[in-house]
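A quick write-up on the structure given underneath.
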Amino acid sequence: MLNILFAAIVVHNDQVLKIDYDHQMFQELTLKEEIIDYSIEDFCYVLTARNIYCIDTINLHIVDRTSLPQKFNYVLIGQNEVFLITTSEIVILNKNNLAFKTGIGIETGDYQPMVAPVKLPQKNLIFLISHNENRSIIKVIDRVKARAIKSASFLAVKKFYYLPEKKNFAILTQSGIHFLDLNLKIKKSIKFDFSGEDFFSYDNGYIITGSQGICSVAMNGKVIDFQPVVLTRQVQNSGFVFWNDDFIILIDPITLRIRHILRNVNNICEIFFEDYELSLCINKNAELFLLDNKTGNTKIFVNEKYALISNKEAGEILKDSLFYLQFGAFSDQGFASVCCDSIRKAGLPVFIDSSIDNLYRVKLGGFFEKTLPLKIMDEYKIPGWIVYQKKIDFENDTIFSSNNTEYYFRKGIITEKE
């Protein structure tokens with residue numbers, strides 16, 4: 001899977017790549033896990049099947065990490081939270097330390113986020129889109145009220161963009177481009193009678209692209225020009241560039257005519273259209289190329305090595321708070337006791353915390369730093385969430401061990417024997 005974050009950062013399979021266009025060099029950070037999704041604001045938040053990472057893109061190093069007890073499909077960023085999305089739930093993490101805060105149940109669907117909440121005027125809202133047969137449904141979730149507050153159905157949405165300057169969404173359906181306000185009402189439409197897969201604004205109109213060609217459409221929906229791109233086998237498109245395993249076709253943005261037809265001798269498998277002059281390319285060997293859209297010439301990027309920076313604990317520091325491992329939350333005390341007893345049999349001194357929201361939570365801890373509970377999760381293979389809360393005091397002390405490592409549990413704090 002290949003995706004671009006912004007002009008200097010690219011995500012490729014299990015790597016985060018930092019691109020230096022001026023010197024045609026790049027640096028790479030390898031996570032050794034396939035990346036499912038990412039989101040970037042102040043840091044780059046990368047989601048894999050087992051972990052959520054916070055990555056500093058300036059020095060390209062991992063700032064923080066939290067293990068996940070289940071697989072999530074998407075990650076997006078709020079003002080103070082990180083949101084993880086599945087087909088039936090939104091899990092909210094503390095942005096400062098990636099510790100679990102709460103969850104919101106949603107109606108089952110293949111949801112995709114439409115915009116990071118931090119970019120919205122109402123930062124408590126989460127916009128999700130799901131697809132069902134020939135329809136697309138957009139839902140608005142209020143994270144404070146923990147429920148859906150708006151919903152609307154449209155013809156199948158092929159592509160969508162959030163336009164922050166206008167505070168609305170532009171969506172592409174088979175009938176045209178439609179502009180929605182934040183109440184999901186259509187404020188304007190540009191209708192046409194042909195299908196497209198993607199679109200972007202250009203020269204007081206829009207460019208509509210698909211696997212068969214590229215079309216220029218005026219603001220009133222009138223077709224100005226069309227350039228067919230006929231290629232056998234699967235065709236991909238990025239802006240004014242089309243490609244497959246055999247050829248790369250470059251389109252002139254002014255005349256909308258084919259500029260160059262190039263043989264794909266470098267086995268390029270993904271192209272990111274940067275501007276009208278340059279595109280970034282990646283081939284099947286994870287080599288980076290800069291493609292000149294005017295001449296068709298390519299230049300390979302050099303892999304620049306950099307000094308490794310040790311991981312830094314990014315946790316929020318509060319004098320009266322610690323990290324805890326939470327293995328379950330139950331409304332019934334009996335179910336919590338069963339869970340607690342089963343984990344104790346594995347050798348962990350867990351306990352039941354009933355101090356919040358009338359729920360019985362099975363926990364282990366506390367810990368001064370998050371690295372130790374992450375290590376214990378990896379050793380015991382018991383799924384759970386890391387939470388951050390006020391210290392819970394205990395009088396009983398104990399010692400437990402795993403993989404020849406001893407841990408002390410004293411006065412409510414777990415430490416590793418040195």
Side-chain angles (χ1 to χ4, degrees), residues 1-4 110 112 114 129-138 153-163 168-180 186 188-264 267-283 291 293-294 296:
M1 178 179 178
L2 298 149
N3 283 301
I4 191 162
D110 184 19
Q112 178 183 358
M114 299 183 71
I129 186 170
S130 63
H131 307 286
N132 183 12
E133 296 181 351
N134 296 322
R135 307 292 295 180
S136 294
I137 299 172
I138 299 177
S153 177
F154 303 91
L155 289 175
V157 175
K158 303 291 188 66
K159 200 76 174 185
F160 60 84
Y161 298 99
Y162 177 66
L163 309 175
N168 62 28
F169 292 93
I171 64 173
L172 174 67
T173 72
Q174 65 184 31
S175 65
I177 300 171
H178 308 280
F179 298 89
L180 313 178
I186 297 177
K188 178 183 176 181
S189 293
I190 301 174
K191 295 187 177 181
F192 39 79
D193 57 1
F194 61 90
S195 62
E197 299 298 324
D198 200 355
F199 72 103
F200 56 92
S201 60
Y202 177 73
D203 194 24
N204 296 320
Y206 287 88
I207 297 293
I208 316 297
T209 63
S211 61
Q212 298 303 312
I214 186 166
C215 185
S216 175
V217 176
M219 295 296 290
N220 60 5
K222 180 181 179 181
V223 175
I224 298 173
D225 202 354
F226 175 73
Q227 172 61 56
V229 176
V230 181
L231 287 174
T232 58
R233 305 171 69 181
Q234 185 177 0
V235 181
Q236 299 184 67
N237 163 246
S238 178
F240 292 96
V241 182
F242 291 76
W243 77 95
N244 64 6
D245 289 343
D246 303 315
F247 295 98
I248 298 172
I249 295 181
L250 306 179
I251 305 294
D252 189 308
I254 298 176
T255 65
L256 218 67
R257 294 296 174 261
I258 293 177
R259 212 180 230 170
H260 297 285
I261 300 178
L262 313 171
R263 287 200 172 274
N264 192 357
N267 295 317
I268 288 170
C269 59
E270 189 63 279
I271 297 177
F272 303 113
F273 182 80
E274 294 300 315
D275 55 35
Y276 302 129
E277 297 183 359
L278 299 172
S279 292
L280 179 68
C281 308
I282 302 180
N283 70 5
L291 172 64
N293 295 336
K294 289 184 177 180

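We number each residue from 1, following the sequence as shown.
The two residues V223 and F194 make their nearest non-hydrogen contact at CG2-CE2, 3.5 Å. Annotation for F179 and I190: closest pair CE1-CD1, 4.1 Å, computed over non-hydrogen atoms. When all heavy atoms of L291 and G296 are compared, the pair lying nearest together is CD1-O, 3.7 Å. Closest non-hydrogen pair, L256 versus Q227, comes out as O-CB, 3.1 Å. For Q112 against F160, the heavy-atom pair with the smallest separation is NE2-CZ, 3.8 Å. Heavy-atom minimum distance, S136 versus V157: OG-N, 2.9 Å.
Atom CD in Q236 sits 8.5 Å away from atom CG in D245 (nearest 0.5 Å). Atom SG in C281 sits 4.0 Å away from atom CD1 in I268 (nearest 0.5 Å). A distance of 4.0 Å separates NZ in K294 from CD in E277, rounded to the nearest 0.5 Å. Here CG of N293 is found 10.0 Å from CD1 of I248. Values are rounded to the nearest 0.5 Å. Distance CZ/F154 to CD1/I171: 5.0 Å, rounded to 0.5 Å. The CD1 atom of I282 lies 7.5 Å from the CD atom of E270; values are rounded to the nearest 0.5 Å.
Ring-centre distance between Y161 and F200: not below the 6.0 Å cut-off.
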Would you mind writing out the side-chain donor-acceptor pairs for residues 201-222 within the sub-3.5 Å range, not counting sequence neighbours?
{"residue": "Y202", "atom": "OH", "partner": "P253", "partner atom": "O", "Å": "2.8"}
{"residue": "T209", "atom": "OG1", "partner": "N237", "partner atom": "OD1", "Å": "2.7"}
{"residue": "N220", "atom": "OD1", "partner": "K222", "partner atom": "N", "Å": "2.9"}

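Judged purely by atom type and a 3.5 angstrom limit, D110 has no side-chain atom pairing as donor or acceptor with the backbone of H131. At distances below 3.5 Å, at least one donor-acceptor pair connects side-chain atoms of T173 with backbone N or O atoms of S175.
Enclosure of atom CZ in R257 by more than 12 non-hydrogen atoms of other residues, nucleotides or ligands within 6.0 angstrom is indicated.
Considering only heavy atoms from C-beta on, I177 comes within 4.5 Å of F192 through its side chain.
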